[in-house]
Enquirer: 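Sharing a structure with you now.
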Amino acid sequence: MSTTLWAVSDLHAAVKRNGPKIDAIQPRDPSDWLIVAGDVAERLDLIVRVMEQLAQRFDTVIWAPGNHELFSRSADRYRGRDKYTALVQAMREIGVITPEDPYPQFGGVTIAPLFTLYDYSFRGANMTVEEAIEAAHEKNIVMTDQFAIASFVDVRAWCWDRLAYTTKRLSRISGPTILINHWPLVQEPTLRMQWSEIALWCGTRHTRSWPKRYNAQAVIYGHLHMPGVMEIDGIEHIEVSLGYPREWERFPRRHPFPYPVMEVGA
């Protein structure tokens, strides 16, 4: 039998009707690996419970956080950077690989889970960040991130910290990679969205060169709830999201879920 590297994202486990879809994420062989590219859920206990179930099914599970994992309320014990730290510790306790751990290799390819956030740089030309956010408010198109993440941490500063940290780690890799991030690493996928203002919360321009610079065979991401494959600069950028029932019921999938990223022989 061969071993497959599968990928999913945006499971949104708090949505009851997504439950059977999550239950159906099963390995074809006990040696299979699974990538989970963010947005498992919002509550720490539910995130851990779902990830633990997946870790029991697959030989190796690799996780990169999404924006929903970072959502917090004022009364929550962990918020902002503290919540991410708590999540990393919880993942390590159940044997899940995080963006803070050594990057594993699958069939000679380095599998790199990333955590880069967003810095509002996917915005219109000649607009400041403040102007772009104000324009989004005026159209009443504002992501929940603005209230459930940005209220507790300087997101742009955190994003820039993550960019510096991640480039240092990626620069030490030799050979081919598969890059995993919840947010797309390039802006092109966001250009297909119905409302362009949402792109403000969808990534950063500073990752644009990473796929070529770090020898990516593929880029795995989620967040946009528009699953599919887009080739950019000769590299496949693969969105592997499940999304919400209103989305996966309305639009038939053109690509498998989970998505088979790579396969190696026995």
Side-chain angles (χ1 to χ4, degrees), residues 4-28 32-72 83-84 86-88 90-99 111 113-117 143-145 148-149 178-184 189 198 201-203 219-229 237-261:
T4 304
L5 173 65
W6 303 93
V8 298
S9 74
D10 297 80
L11 301 179
H12 296 289
V15 179
K16 185 176 181 181
R17 289 172 61 200
N18 277 6
K21 296 284 188 180
I22 298 171
D23 292 340
I25 301 171
Q26 298 285 345
R28 190 164 53 196
D32 287 357
W33 290 27
L34 178 68
I35 292 165
V36 182
D39 278 9
V40 176
E42 296 76 27
R43 296 194 331 267
L44 183 61
D45 62 326
L46 180 56
I47 296 165
V48 174
R49 184 160 72 248
V50 171
M51 292 300 297
E52 187 169 24
Q53 291 170 352
L54 295 173
Q56 290 169 352
R57 299 173 199 167
F58 288 82
D59 179 85
T60 300
V61 175
I62 301 163
W63 167 81
N67 53 315
H68 279 250
E69 276 98 335
L70 304 176
F71 282 4
S72 302
K83 187 171 186 185
Y84 175 62
L87 283 163
V88 168
M91 292 300 109
R92 286 172 167 171
E93 289 174 359
I94 60 174
V96 171
I97 296 169
T98 80
I111 312 299
L114 315 177
F115 171 42
T116 63
L117 284 158
M143 292 280 281
T144 306
D145 304 36
I149 300 177
I178 290 175
L179 303 181
I180 304 157
N181 198 46
H182 178 66
W183 298 267
I198 293 177
W201 296 273
C202 292
V219 174
I220 306 299
Y221 70 98
H223 191 60
L224 305 184
H225 293 200
M226 297 190 299
V229 181
H237 291 245
I238 308 166
E239 183 177 342
V240 295
S241 59
L242 172 61
Y244 297 115
R246 65 177 181 270
E247 294 162 334
W248 50 256
E249 285 182 335
R250 183 178 176 186
F251 302 105
R253 298 189 72 92
R254 297 181 180 179
H255 301 276
F257 179 89
Y259 189 92
V261 179

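None of the values given here were measured: they were computed from a predicted structure.
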Enquirer: Could you tabulate the donor-acceptor pairs under 3.5 Å formed by side-chain atoms of residues 38-51, not counting sequence neighbours?
Expert:
{"residue": "D39", "atom": "OD1", "partner": "N67", "partner atom": "N", "Å": "3.2"}
{"residue": "D39", "atom": "OD1", "partner": "H68", "partner atom": "N", "Å": "2.8"}
{"residue": "D39", "atom": "OD2", "partner": "H182", "partner atom": "NE2", "Å": "3.3"}
{"residue": "E42", "atom": "OE2", "partner": "H68", "partner atom": "ND1", "Å": "2.5"}
{"residue": "R43", "atom": "NE", "partner": "D45", "partner atom": "OD1", "Å": "3.1"}

Enquirer: Once rounded to the nearest 0.5 Å, what's the spacing between atom CD1 of I62 and atom CD1 of I35?
Expert: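 Going from CD1 on I62 over to CD1 on I35, the span is 5.5 Å.
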
Enquirer: Evaluate side chain to side chain donor-acceptor pair (under 3.5 Å) for W6 paired with Q26, printing each intermediate quantity in order.
Expert: CA-CA 10 Å; W6 303 93; Q26 298 285 345; over 6 Å; no

Enquirer: Do Q56 and V61 have side chains that get closer than 4.5 Å, going by heavy atoms?
Expert: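 They are not in contact (no side-chain heavy atoms under 4.5 Å apart), so the answer is no.
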
Enquirer: Mind checking whether L5 and I178 have side chains closer than 4.5 Å, heavy atoms only?
Expert: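 L5 vs I178: side chains touch.
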
Enquirer: Under a 3.5 Å distance rule, please check whether E239 uses its side chain to pair with a backbone N or O of H225 as donor and acceptor.
Expert: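 A pair under 3.5 Å: yes.
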
Enquirer: Between atom CD1 of I22 and atom CD of Q53, what is the distance when rounded to the nearest 0.5 Å?
Expert: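 These two atoms lie 8.0 Å from each other.
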
Enquirer: Within this structure, what is the OH-CD1 distance for the pair Y221 and I238, rounded to the nearest 0.5 Å?
Expert: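 Rounded to the nearest 0.5 Å, the OH-CD1 separation comes out at 9.5 Å.
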
Enquirer: Salt bridge (Lys or Arg N to Asp or Glu O under 4.0 Å) with R28: which residues, sequence neighbours excluded?
Expert: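 Result, salt bridge (Lys or Arg N to Asp or Glu O under 4.0 Å) vs R28: E263.
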
Enquirer: Could you report the tightest heavy-atom contact between P256 and P260, atom names first, then the distance?
Expert: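 Heavy atoms only, the tightest pair is CG-CD, 3.5 Å.
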
Enquirer: Using the test ring-ring contact (aromatic ring centres under 6.0 Å, His included), find all partners of Y84 that sit at least two apart in sequence or belong to another chain.
Expert: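 Checked Y84 against ring-ring contact (aromatic ring centres under 6.0 Å, His included); matches are F115.
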
Enquirer: Starting at CE of M226, measure out to CD of E247 and round the result to the nearest 0.5 Å.
Expert: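 That separation rounds to 10.0 Å.
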
Enquirer: State, yes or no, whether a side-chain contact exists between C202 and L224 at a heavy-atom distance under 4.5 Å.
Expert: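 Result yes, sub-4.5 Å side-chain heavy-atom pair found.
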
Enquirer: To check you understand the geometry: which heavy-atom pair defines the closest contact between V261 and A7, and what is its length?
Expert: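 Nearest heavy atoms, V261 then A7: CG2-CB, 3.6 Å.
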
Enquirer: Can you pull out every salt bridge (charged side-chain N to carboxylate O under 4.0 Å, His left out) where at least one residue sits in residues 7-22? Sequence neighbours excluded, please.
Expert: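 Salt bridge (charged side-chain N to carboxylate O under 4.0 Å, His left out) check on residues 7-22 returns R17-E249.
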
Enquirer: Restricting to non-hydrogen atoms, name the atom on P189 and the atom on P184 that form the minimum distance, rounded to 0.1 Å.
Expert: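 Looking at all heavy atoms of both residues, the shortest contact is CG-CB, 4.3 Å.
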
Enquirer: Got a donor-acceptor contact below 3.5 angstrom from the S72 side chain to the L70 backbone?
Expert: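 Present.
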
Enquirer: Sort out for me which residue in V219, L179, I220 forms a side chain to side chain contact (heavy atoms under 4.5 Å, CB included) with L114.
Expert: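 When side chain to side chain contact (heavy atoms under 4.5 Å, CB included) is applied between L114 and each of V219, L179, I220, only L179 qualifies.
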
Enquirer: Could you give the distance from OG1 (T98) to CG (L87), rounded to the nearest 0.5 Å?
Expert: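 Between atom OG1 of T98 and atom CG of L87 there are 10.0 Å.
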
Enquirer: Quick one: do T60 and L34 satisfy side-chain contact (heavy atoms from CB on, under 4.5 Å)? Show the steps, please.
Expert: CA-CA 6 Å; T60 300; L34 178 68; over 6 Å; no

Enquirer: Roughly how far, to the nearest 0.5 Å, is CG of D145 from CZ of F71?
Expert: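 Output value for this atom pair is 4.5 Å.
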
Enquirer: Is there a side-chain contact (heavy atoms from CB on, under 4.5 Å) between L54 and V36 once you walk through the steps?
Expert: CA-CA 9 Å; L54 295 173; V36 182; 4.0 Å; yes

Enquirer: Is there a donor-acceptor pair under 3.5 Å between the side chain of N18 and the backbone N or O of G243?
Expert: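 The answer is yes, because a donor-acceptor pair under 3.5 Å joins these two groups.
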
Enquirer: Minimum heavy-atom separation for I25 to F58, with atom names?
Expert: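 Residues I25 and F58, closest heavy atoms: O-CE1, 3.7 Å.
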
Enquirer: Do V8 and F257 pass the side-chain contact (heavy atoms from CB on, under 4.5 Å) test, and can you show the C-alpha distance, the side-chain angles, and the key distance before you say yes or no?
Expert: CA-CA 7 Å; V8 298; F257 179 89; 3.6 Å; yes

Enquirer: If you look at every heavy atom in S9 and G222, which pair is closest and at what distance?
Expert: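 S9 and G222 have their closest heavy atoms at OG-CA, 3.3 Å.
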
Enquirer: Kindly indicate whether the side chain of Y259, heavy atoms from C-beta on, has any atom under 4.5 Å from the side chain of V229.
Expert: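 Yes, side chains in contact.
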
Enquirer: Under 4.5 Å between any side-chain heavy atoms of W63 and P99, yes or no?
Expert: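 The answer is yes; the side chains approach within 4.5 Å.
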
Enquirer: Taking it one step at a time, do V15 and H12 satisfy side-chain contact (heavy atoms from CB on, under 4.5 Å)?
Expert: CA-CA 6 Å; V15 179; H12 296 289; 4.2 Å; yes

Enquirer: With sequence neighbours excluded, what pairs up with E93 under the salt bridge (Lys or Arg N to Asp or Glu O under 4.0 Å) test?
Expert: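 In terms of salt bridge (Lys or Arg N to Asp or Glu O under 4.0 Å), with neighbours along the sequence ignored, E93 is linked to no residue.
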
Enquirer: Who are the salt bridge (Lys or Arg N to Asp or Glu O under 4.0 Å) partners of R92, not counting sequence neighbours?
Expert: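 Checked R92 against salt bridge (Lys or Arg N to Asp or Glu O under 4.0 Å); matches are D101.
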
